[in-house]
K.L.:
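Pasting a structure below so you can have a look.
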Number of protein chains: 2
Amino acid sequence: MTDWIGHARDTLERDGYRVSAPRSAVVETLATLGCSVTAKEIADRLRERGEDVGVASIYRTLELLDRLRLARRVDAAEGVARYEPIDPSGEHHHHIVCESCGAVTAFEDRELEQAIEQLSERVDYAIDAHDVTLRGECPGCRAAGSRH
Amino acid sequence: MTDWIGHARDTLERDGYRVSAPRSAVVETLATLGCSVTAKEIADRLRERGEDVGVASIYRTLELLDRLRLARRVDAAEGVARYEPIDPSGEHHHHIVCESCGAVTAFEDRELEQAIEQLSERVDYAIDAHDVTLRGECPGCRAAGSRH
DNA sequence: CTGAGTGCAAACAGTTTGCATTACT
DNA sequence: AGTAATGCAAACTGTTTGCACTCAG
C-alpha cells in the first residue's frame with residue numbers, strides 16, 4: 001500500500017507530469033485514506049495538516065490519477081465521486097454500503113470475479129473494468145433494529 | 001412492463017398517496033423510457049407532450065417511487081441519478097456502460113446472480129440489493145478505433 | 001525564460017427546499 | 001374545510017473552468 005505512493009510518483013514522472021508538492025500531497029492522502037475517498041475528505045485532511053491544496057487542484061489530480069489508471073472512481077454512493085488507489089497487481093475489492101448509516105465495507109470474492117470474467121468474454125463490449133455494490137443493513141444498524 | 005404502471009398506481013393508492021396527474025405522468029414516462037432514466041429525460045419527454053411537470057415534482061415522485069420500492073436508483077454513470085422501474089417479480093438486470101460514448105446496455109446473467117446470492121449469505125450485512133456495472137468500449141466505438 | 005501547474009473565484013449542473021397556490025377528498 | 005401535492009424560484013452541493021500568478025526545469 002505504501003509503495004503505491006512510489007508507484008504513482010514514478011508513473012507521473014515517467015509520463016512527463018510534474019510531481020509537484022500539491023500533487024504529492026493528494027497522492028499521499030489518497031493512499032492514507034485508502035478506500036472510497038471523496039475530494040472533500042482529501043481537502044479536509046490536508047487542511048488539518050496545514051498543507052492546504054485548492055479544491056481545483058485536488059479534482060484535477062484525481063482526474064489525472066484516474067486517467068493514468070493509478071486510481072479509480074467508484075460509484076458506490078450517490079451524488080459524490082469517490083476514488084481509491086489502484087493496486088498495480090490488479091488486485092481489487094468491492095463495496096457493501098449500509099442503507100441506514102452509509103457505512104462502507106470492502107470485500108473480495110473469487111467466485112464473483114470469475115463470473116464477471118466469464119461474462120465479460122461473452123458480451124460484445126471490450127470490458128476493462130467493473131464495479132459491484134451490495135446494499136443492505138450493517139451489523140450495527142441491524143442490532144439497533146432500525147427498519148429504514 | 002405496461003402493467004408495472006398499474007402496479008405502481010395501486011401501490012401508491014394503497015399506501016395512501018394520491019395518484020395525481022403529475023405523478024401519473026412521471027410513472028408512465030418512467031415505464032416508457034424503461035431503463036436507466038434521468039429526471040431530465042422525464043422532464044423533456046413530458047414537455048414534448050405538453051404535459052409539463054415541474055422538476056421538483058419529478059424529483060419528489062422519483063424519490064417516492066424509490067422509497068416504495070417501485071423504482072430503484074441506479075448508480076451507473078457518475079454525476080446524474082438514474083432510475084428504473086422495479087419489476088415486482090424480482091427480475092432485474094445490470095448495465096454495461098461505454099467509457100467512450102456513454103452508451104448504456106443492459107444484461108442479465110444467472111451465474112453472476114448466483115455468485116452474489118451466495119456471497120450475500122456469507123457477509124455480516126443483511127443484503128437486500130446489489131448493483132453491477134461493467135465498463136468498457138461498445139462495439140461502435142471499438143470499430144471507430146478510438147483509444148480514449 | 002517558458003510552460004506546466006496552481007489557486008482563486010466565478011460559472012455550472014443536478015438536486016433540494018421554502019412557500020404560496022391548487023385541487024383532491 | 002382541510003390537507004396532500006404542485007410549481008416556482010431561490011438555495012445548495014459537488015464539480016468544472018477561466019485566468020492571472022507561481023515555480024520548477
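Per chain, numbering begins at 1; letters A, B, ... match sequence-line order.
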K.L.:
Taking only residues two or more places apart in sequence, or in another chain, which ones meet A:Asp124 in a salt bridge (charged side-chain N to carboxylate O under 4.0 Å, His left out)?
P.N.:
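So A:Asp124 forms no salt bridge (charged side-chain N to carboxylate O under 4.0 Å, His left out) with any residue.
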K.L.:
Can you check the A:Leu64 CG to D:dT15 P distance for me, whole Å?
P.N.:
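About 17 Å, once rounded to whole Å.
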K.L.:
Calculate the interatomic distance between A:Glu13 atom CD and C:dG5 atom C1'; express it in whole Å.
P.N.:
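Spelled out: CD on A:Glu13 to C1' on C:dG5 is 15 Å.
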K.L.:
Using side-chain contact (heavy atoms from CB on, under 4.5 Å) as the criterion, list what pairs up with B:Thr29, not counting sequence neighbours.
P.N.:
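Counting only residues at least two positions away or on another chain, B:Thr29 forms a side-chain contact (heavy atoms from CB on, under 4.5 Å) with B:Leu33, B:Ile42, B:Arg45, B:Leu46.
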K.L.:
Grab the CG-P distance between A:Leu65 and C:dG5 for me, whole Å please.
P.N.:
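It is 12 Å, rounded to the nearest whole Å.
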K.L.:
Do NZ/NE/NH1/NH2 and the carboxylate oxygens of B:Asp44 and B:Arg49 come within less than 4.0 Å?
P.N.:
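Salt bridge between B:Asp44 and B:Arg49, a charged N being under 4.0 Å from a carboxylate O: no.
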K.L.:
Using links of under 4.5 Å between side-chain heavy atoms of ILVMFWY residues, direct or through other members, which residues join A:Tyr59 in one cluster?
P.N.:
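Noted: A:Tyr59 shares its cluster with A:Val55.
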K.L.:
Identify every side-chain donor-acceptor pair in residues 6-15 of chain A under 3.5 Å, counting partners at least two apart or on other chains, and give the distances.
P.N.:
{"residue": "A:Arg9", "atom": "NE", "partner": "A:Ser24", "partner atom": "OG", "Å": "3.2"}
{"residue": "A:Arg9", "atom": "NH2", "partner": "A:Glu28", "partner atom": "OE2", "Å": "2.6"}
{"residue": "A:Thr11", "atom": "OG1", "partner": "A:His7", "partner atom": "O", "Å": "2.7"}

K.L.:
What is the separation between atom OH on A:Tyr17 and atom C1' on D:dG25, rounded to the nearest whole Å?
P.N.:
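Rounding to the nearest Å, OH of A:Tyr17 and C1' of D:dG25 are 17 Å apart.
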K.L.:
Partners of B:Asp109 by salt bridge (charged side-chain N to carboxylate O under 4.0 Å, His left out), sequence neighbours excluded?
P.N.:
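If we apply the salt bridge (charged side-chain N to carboxylate O under 4.0 Å, His left out) test to B:Asp109, skipping adjacent residues, the hits are A:Arg122.
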K.L.:
When the axes are fitted on five pairs at both termini, how much does the helix from C:dC1-D:dG25 to C:dT25-D:dA1 curve, in 10° steps?
P.N.:
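Its terminal axes enclose an angle near 20°.
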K.L.:
Would you kindly give the CG-to-P distance between A:Asp15 and C:dG5, to the nearest whole Å?
P.N.:
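The answer, rounded to whole Å, is 11 Å.
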K.L.:
Is there a side-chain polar atom (N or O) of B:Ser57 under 4.0 Å from OP1 or OP2 of D:dG7?
P.N.:
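So the side chain of B:Ser57 is within the cut-off, an N or O lying under 4.0 Å from OP1 or OP2 of D:dG7.
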K.L.:
Could you pull out the closest heavy-atom pair between A:Val104 and A:His95, with the gap in Å?
P.N.:
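Answer, listing the atom of A:Val104 first, then A:His95: CG1-CD2, 3.6 Å.
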K.L.:
Could you give the CD1-to-C1' distance, from A:Ile58 to D:dT13, as a whole number of Å?
P.N.:
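A:Ile58 atom CD1 is separated from D:dT13 atom C1' by 16 Å.
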K.L.:
In whole angstrom, what separates A:Asp52's CG from D:dT22's C1'?
P.N.:
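Roughly 17 Å, once rounded to whole Å.
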K.L.:
What is the separation between atom CD on A:Glu41 and atom C1' on D:dT13, rounded to the nearest whole Å?
P.N.:
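Nearest whole value for this atom pair: 15 Å.
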K.L.:
Please collect all ring pair (Phe, Tyr, Trp, His ring centres under 6.0 Å) contacts where either partner lies in residues 112-139 of chain A, sequence neighbours excluded, each pair once.
P.N.:
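Every pair satisfying ring pair (Phe, Tyr, Trp, His ring centres under 6.0 Å) with a residue in residues 112-139 of chain A: A:His92-A:His130, A:His94-A:His130.
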K.L.:
What is the per-nucleotide protein-contact pattern of nucleotides 11-25 of chain C, from the 5' end, where B denotes a base atom under 4.0 Å from a protein heavy atom, S denotes such proximity for sugar-phosphate atoms only, and - denotes neither?
P.N.:
---SBBBB-----B-
K.L.:
Tell me whether the side-chain N/O atoms of A:Ser20 come closer than 4.0 Å to OP1 or OP2 in C:dA4.
P.N.:
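No, because none of the side-chain N or O atoms of A:Ser20 sits under 4.0 Å from OP1 or OP2 of C:dA4.
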K.L.:
Going by heavy atoms closer than 4.0 Å, what residues in residues 23-30 of chain A are next to DNA chain C?
P.N.:
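Close to the strand are A:Arg23.
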K.L.:
Who passes salt bridge (charged side-chain N to carboxylate O under 4.0 Å, His left out) against B:Asp66, sequence neighbours left out?
P.N.:
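Scan of B:Asp66 (salt bridge (charged side-chain N to carboxylate O under 4.0 Å, His left out), adjacent residues dropped) gives none.
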K.L.:
For B:Ala56, give me all partners under side-chain contact (heavy atoms from CB on, under 4.5 Å), at least two apart in sequence or on another chain.
P.N.:
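Checked B:Ala56 against side-chain contact (heavy atoms from CB on, under 4.5 Å); matches are B:Arg60.
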K.L.:
Please enumerate all residues that pass salt bridge (charged side-chain N to carboxylate O under 4.0 Å, His left out) together with A:Arg73, with sequence neighbours excluded.
P.N.:
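Expected list: B:Glu78.
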